[in-house]
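This report refers to the structure that appears directly beneath it.
Throughout, numbering of the chain's residues begins at 1 and tracks the sequence. Being a predicted model, the structure only gives us computed values, none of them experimental.
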Amino acid sequence: MNDPAVPHDHLIACHECDLVQRVVDVPIDAPGNLALRCRRCNGVLLRHPGKPLDHAVAWSLTGLILLLLANVFPVVSLSVSGQHTETSLFSGALALSRAGQSGVAALVIGVLIVAPALLFLLQVGILLPLRFGRVVPHFTRLMRVLTAASHWLMFDVFMLAIIVAMVKLSHLADVSPGYGLWAFLALMLASVASATSYDLHSVWACYADLSRRVIPPVVHRNRAAGGRRFSALSRGLVCCPACGLLSHWPGDGETQRRHCPRCGATLHRRKMDSLGRTWALLIAGYILLVPANILPITVTRSLFGEQADTIMSSVAYFWHDGAYDLAIVIFTASIFVPLAKLLALTFLTYSAQRRMRWEPLQRTRLYRMVEFVGKWSMLDIFVVALLAQLVQFSSLAAIDPGPGAIAFAAVVVITMFAAMSFDSRLLWDPQEQRYPTGDSLG
């Protein structure tokens, strides 16, 4: 880092701690599945799949076919007293909509059908032209949509929800897996294989070469005296939030808006109003957590009357039935994780606002954990979607979603957005020298 002028593709800034590092050249004969990690926070900077783009395109096409099969064929079938019912990915969401839970139904369809279909289509539409040395029109916008869609894949959570629903109904009726279940299992594997068959950093570099964009070398202010200042911002650089390119950040006296020279995205030193947005989402999450746990999430109607079940009563049901493992899973995913995520984000936001210097590495690891476990809170919503379609036997029995379902779904979505709005680089800023007056990094 002693040379103030470096080619743009030789430097990279960590998206978690903003540390500027040189990109290590990977040999052509190197094995696949290699990862370049940050030397300060151990975050993944980029990956080396070691596979041509053909693999990602092939897995994406496979995923589209499997997604169609998973919606055509039933995932689970239920038989009781001579009556038979079955459900698929799409029919479970429609059952929620018929029960008056259109918002929850839209969420289920969005994360299980729309997001994966959009991801697979974009991977085929973007990577296949690159394979033949061409760039698809509106490449930069499509890449941003692709990156956003990848955050909302929840196939693994839905797979666990199927298991929970089957165990819950196994004592009441004959439950059998359908062809859609095996298609869904293969779909989950195909989505993982397609996402790990290419690296976004390499795709953006290929786009820059094919589009013949002239990207000037990075010119940074070398002010790393004493080894105290390592971040991109302290060196007069800013990392593009869309493509990850490092470029020059204007001085304090320059007020004009800056755009990435590669993808055209608007550049910001840190996420805009990160702390304010995170606080607002956290407050909303705490408020909605109360009705999500008090109001019934399902309402069961049968010949013996009507019974409303909350999340905690579902945990108690599995526990008294002897299914201790599922009771622990539901309690962890639906009660412990949402509350723990809110508390963890509250601590991280407070520590960033107070510019605490205490253990930034440990707080960054906590943030990664919060991001990872956030989607698992959708478990109960998927279970409700399955039960709402499976248990509909006219006067014998029926399970409908309760008012707590929409409150709980809102908590899950709000906490996920809160984690996305928080900028983990703020945890490392106090390690650098204090910025000039007027620099608001929150």
Mind running side-chain hydrogen bond (donor to acceptor under 3.5 Å, both in side chains) on Thr364 and Trp428 for me, showing each step along the way?
-> CA-CA 9 Å; Thr364 303; Trp428 293 90; 2.9 Å; yes
Between Asp199 (side chain) and Leu46 (backbone), is there a donor-acceptor pair under 3.5 Å?
-> no
Value for OH (Tyr198) from OG1 (Thr196), rounded to nearest 0.5 Å, stands at 9.5 Å
Would you find a donor on one side and an acceptor on the other, under 3.5 Å apart, between the side chain of Gln21 and the backbone of Leu19?
-> yes
Looking at OH of Tyr367 and CZ of Phe347, how far apart are the two atoms once the value is rounded to the nearest 0.5 Å?
-> 15.0 Å
Stepwise, does the side chain to side chain contact (heavy atoms under 4.5 Å, CB included) test hold for Arg144 with Cys263?
-> CA-CA 10 Å; Arg144 294 173 198 170; Cys263 71; 4.2 Å; yes
Give, for atom OG of Ser60 and atom CG of Leu119, the distance between the pair rounded to the nearest 0.5 Å.
-> 7.0 Å
Arg270 side chain to Leu426 main-chain N or O, any donor-acceptor pair under 3.5 Å?
-> no
Carboxylate-amine/guanidinium contact Asp54 Arg131, below 4.0 Å = yes
Determine, stepwise, if the pair Phe382 / Met154 fulfils side chain to side chain contact (heavy atoms under 4.5 Å, CB included).
-> CA-CA 10 Å; Phe382 292 153; Met154 300 185 185; 4.1 Å; yes
Can you tell me if OH on Tyr286 sees more than 12 non-hydrogen neighbours from other groups inside 6.0 Å?
-> yes
Show the numbers, then the answer: is there a side chain to side chain contact (heavy atoms under 4.5 Å, CB included) between Lys271 and Ser424?
-> CA-CA 10 Å; Lys271 292 181 181 179; Ser424 62; over 6 Å; no
Roughly how far, to the nearest 0.5 Å, is the CZ atom of Arg39 from the CZ atom of Arg22?
-> 11.5 Å
Counterpart residues, side-chain hydrogen bond (donor to acceptor under 3.5 Å, both in side chains), relative to Ser334 (two or more places apart) = Asp380
Could you pull out all residues at least two apart from Thr349 that satisfy side-chain hydrogen bond (donor to acceptor under 3.5 Å, both in side chains)?
-> none
Is there a donor-acceptor contact under 3.5 Å from the side chain of Asp18 to the main chain of Arg425?
-> no
Between Leu267 and Pro241 the two heavy atoms that sit nearest each other are CD2-CD, 4.2 Å
Does Ser351 have any side-chain hydrogen bond (donor to acceptor under 3.5 Å, both in side chains) partners at least two apart in sequence or in another chain, and if so, which?
-> Arg363
Just by distance, with hydrogens left out, do Thr140 and Tyr207 show a side-chain donor and acceptor under 3.5 Å apart?
-> no
Heavy-atom donor-acceptor pair, Thr310 side chain to Pro296 backbone, under 3.5 Å = no
Mind running side-chain hydrogen bond (donor to acceptor under 3.5 Å, both in side chains) on Trp279 and Gln353 for me, showing each step along the way?
-> CA-CA 10 Å; Trp279 278 124; Gln353 188 169 14; 2.8 Å; yes
Say you draw a straight line from CD of Glu371 to CE of Met420; how long is it, rounded to the nearest 0.5 Å?
-> 8.0 Å
How about Ser421 and Ser274: does a side-chain donor come under 3.5 Å of a side-chain acceptor?
-> no
Should we say atom OH of Tyr350 is surrounded by more than 12 heavy atoms from elsewhere, each under 6.0 Å from it?
-> no
Could you verify whether a donor N or O on one side chain and an acceptor N or O on the other, from Trp59 and Gln123, lie under 3.5 Å apart?
-> no
Output the distance between atom CZ (Phe184) and atom CG (Leu112), rounded to the nearest 0.5 Å.
-> 6.5 Å
Heavy atoms of other groups near Trp152 CH2, more than 12 under 6.0 Å | yes
